[in-house]
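Input: a single structure, listed below in structure tokens.
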Amino acid sequence: MTVTENPVTEPAAVPRQSRLGRAVAFARNAWRGLTSMRTALVLLFLLALGAIPGALLPQRNLNEQKVAQYIADRPTLGPWMDRFELFDVFGSFWFTAIYVLLFISLVGCILPRCVDHYRALRTPPVRAPRNLTRLPHHYSGSAEQTPDEVVTRVRKELRGWRTEVRPGTRDGEITLAAEKGYTRELGNLVFHLALVCLLVAIAVGKLFGYEGSVIVIANNGPGFCTTSPAVFDSFKAGNVNDGTGMAPICVRVKDFKADYLNNGQAEMFTSNIEYQSGDDLQSDTWRATRIQVNHPLRVAGDRIYLQGHGFAPTFTVTFPNGQTRTETIQWRPDDAMTFLSSGVLRIDPPGGMYATDEERRKNQIAIEGLFAPTALFHGSLMTSSYPAMNDPAVAVDIYRGDTGLDTGKPQSLFALDPEQVKQGRLAKEARVNLRPGESTSLPNGTKVTFDGAQEFVNLQVSHDPAQQWVLVSAVAMMLGLLVSLLVKRRRIWVRVYPAEGAAGTLGKRRTVVEMGGLARTDQAGWGSEFDRLRARLLDARPDSADAKTTGE
């Protein structure tokens with residue numbers, strides 16, 4: 001017996017979507033997800049969440065020394081935090097990614113809504129529902145007018161409403177549809193468009209702006225000119241503008257005044273300055289003005305802020321051969337309430353005083369210590385009791401030796417390198433408290449005199465070409481938000497048709513009137529507004545015999 005095997009028919013190959021089609025579908029779905037309002041809200045929340053480390057942790061662009069100290073105090077956690085750019089939050093890759101995604105998401109959300117709103121403005125109000133009594137608020141009654149007269153009067157009263165009159169299904173029936181509150185969606189769109197403009201303006205400011213800080217001695221001391229980033233003590237360039245194209249401005253400080261409360265708290269800082277800009281530089285014309293905290297000088301597209309102040313002690317060193325050197329340099333305020341300040345002053349002997357450079361380096365002078373604007377002594381220990389310069393004094397250590405001025409290495413303005421002392425390159429030769437005019441002598445005959453102190457101001461020069469747009473965008477956001485919260489969308493419909501007589505004939509002047517209202521959004525008080533509209537439009541009383549009003 002021969003067994004015949006039936007050949008198995010293989011199923012036909014199922015057509016598969018091409019790789020290009022799958023890629024297009026994936027991109028379309030990703031774009032839809034990214035441009036949804038839910039994603040925009042999540043990104044906005046992440047942006048706010050990501051800004052928290054920037055407020056709580058020291059940032060490298062503001063104070064690099066604090067960042068270095070923070071990392072040094074946490075040798076295990078600190079480097080990992082630095083790898084994730086937690087000390088440069090607003091310039092980090094992850095914050096920038098959130099920022100860009102939020103911008104794209106908002107644009108993708110807003111543009112279709114703008115198109116839909118434009119179409120809605122061109123679309124007439126929707127037709128009246130078949131049964132107005134099913135609406136939450138409705139009215140039925142009659143009027144001693146023809147349907148045309150009723151509709152004409154209602155339409156005249158609805159000024160500011162978008163209205164549309166259409167014929168009804170009954171013989172002689174007329175319907176009127178009216179809608180108001182389109183500016184609610186407009187305010188919502190203005191809010192979101194202004195938010196996008198705000199993000200763009202901030203980004204433009206970061207790209208093309210710059211910011212530099214410089215310390216200037218008051219009382220007609222040497223000023224500065226914004227010709228190069230090198231004139232600033234700290235400079236932060238934009239991503240596009242490196243500071244080489246700055247508008248030239250020259251500033252010098254005439255005086256400085258600080259107002260304090262009785263407890264030493266600063267109340268106001270005021271400084272009279274002179275500046276040159278534009279044609280003034282060619283004619284050497286100085287213009288006088290006054291700046292205060294939060295009241296900057298605006299000139300040539302830049303802003304010059306008065307940020308703070310401090311004290312710069314002045315010392316005169318008289319060398320054994322009678323030559324003198326006088327230096328004034330700012331010291332760092334360590335106490336914001338009493339302005340007890342610390343710093344260091346390095347002085348190089350005059351040229352030709354020593355036969356060799358090596359001998360000259362061994363006789364450099366370094367003065368390190370504390371300055372008190374209002375000195376208070378506890379024995380030989382000095383502190384400050386008030387921030388104003390009422391009774392200035394210094395407590396200093398005086399060193400002689402190689403201060404490192406010739407090495408070319410950067411050194412701190414406020415402290416000596418302890419390694420120089422430890423290696424014996426600097427030897428301490430005196431520790432003394434001095435008031436203005438007092439002096440002390442070193443074993444080799446060098447005399448150090450404390451001449452007093454000058455006040456210095458910390459000025460910040462900021463350039464942000466989009467600052468005005470940031471303000472305009474912020475104001476537009478607030479206005480758009482107020483409009484979207486205060487304006488309510490509502491619709492009303494009025495249906496009128498002739499009433500039938502007792503014999504079944506149409507009455508001549510008696511008209512049945514139906515009215516319904518609906519709020520597009522939840523709105524407390526819509527029922528009372530509907531009653532006021534009904535009374536104004538139809539002159540109907542809820543207790544009249546032929547009127548019936550209901551509301552839920």
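Only heavy atoms go into these numbers, but all of them, side chains included; no hydrogens, no water, no symmetry mates.
Among Arg127, Arg489, Arg162, the single residue meeting the salt bridge (charged side-chain N to carboxylate O under 4.0 Å, His left out) criterion with Glu179 is Arg489. Checking each of Leu158, Val150, Val496 against Leu176 for a side chain to side chain contact (heavy atoms under 4.5 Å, CB included) leaves exactly one that passes, namely Leu158.
A tilted orientation is assigned to the rings of His309 and Tyr260, their planes being inclined by 30° to 60°.
No salt bridge links Arg303 with Asp464; every basic N to acidic carboxylate O contact stays at or beyond 4.0 Å. In summary, Arg113 and Asp116 do not engage in a salt bridge, as defined by a charged side-chain N under 4.0 Å from a carboxylate O. A salt bridge links Glu274 with Arg252: the distance from a Lys NZ or Arg NE/NH1/NH2 to an Asp or Glu carboxylate oxygen falls below 4.0 Å. In this structure, Glu529 pairs ionically with Arg490, as a charged nitrogen and a carboxylate oxygen lie closer than 4.0 Å.
Residues Met246 and Thr227 come closest through the heavy atom pair CE-C, 4.2 Å. When all heavy atoms of Gly517 and Leu135 are compared, the closest pair comes out as N-CD1, 3.9 Å.
Checking Glu514 against Ser140 by side-chain atom types alone, no donor-acceptor pair falls below 3.5 Å. No side-chain donor-acceptor contact under 3.5 Å links Tyr497 and Arg495.
The environment of Trp469 atom CH2 is sparse: at most 12 non-hydrogen atoms of other residues, nucleotides or ligands sit within 6.0 angstrom. Other residues, nucleotides and ligands contribute only 12 or fewer heavy atoms inside 6.0 Å of the CG atom of Asn294.
The closest side-chain heavy-atom distance from Val89 to Trp94 is below 4.5 Å. Annotation: side chain of Pro147 is in contact with side chain of Pro498 (closest heavy-atom distance under 4.5 Å).
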